[in-house]
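Here the structure is a predicted model, which means the values were calculated and not measured.
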Amino acid sequence: MELADKAVGFLLSYISLSIFTYYTFWVIILPFVNNDHFIHRYFLPQEYAILIPVFAGMVLLCFLCIFIGYVMLKSKKKKA
């Protein structure tokens, strides 16, 4: 079991580092590269650099609010 936990942790770390590197390159370095350079084919338009994190944050906030509401309702029912 310990080996499986390490493998999952490594995989999650690798995915997080890959996303961070891709996003950092996309937002910080890509604006300084010419628009006709071939590297632009591997990235979405710049507008999505803001829209994707905002959308992900709103979805996370909604799920968090739903979870907190569910826990509050469930704990209220146990007291009654």
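Annotation: side-chain contact (heavy atoms from CB on, under 4.5 Å) contacts of P31 (sequence neighbours excluded): Q46. Shown here are the side-chain contact (heavy atoms from CB on, under 4.5 Å) partners of I39, two or more places apart in sequence or in another chain: F25, L30, V33, H37, Y42, F43. Partners of I66 by side-chain contact (heavy atoms from CB on, under 4.5 Å), not counting sequence neighbours: none found.
Residue I29 is grouped with residue W26 when hydrophobic side chains (ILVMFWY) are merged at heavy-atom distances under 4.5 angstrom, including chains of intermediate members. One hydrophobic cluster, built from ILVMFWY side chains closer than 4.5 Å, cannot hold both I50 and L61; they sit in different ones. Y48 and I28 fall within a single hydrophobic cluster, where Ile, Leu, Val, Met, Phe, Trp and Tyr are joined by side-chain heavy atoms under 4.5 Å apart, directly or via other members. I52 and L60 fall into different hydrophobic clusters, defined by Ile, Leu, Val, Met, Phe, Trp and Tyr side-chain heavy atoms under 4.5 Å apart, directly or through other members.
Note that OH of Y22 is 5.0 Å distant from CG of L44, once rounded to the nearest 0.5 Å.
No more than 12 heavy atoms of other residues, nucleotides or ligands lie within 6.0 Å of CZ in F55, so this atom counts as exposed by the packing criterion.
Side-chain contact between S18 and Y14: present, with at least one pair of heavy atoms (C-beta onward) separated by less than 4.5 Å.
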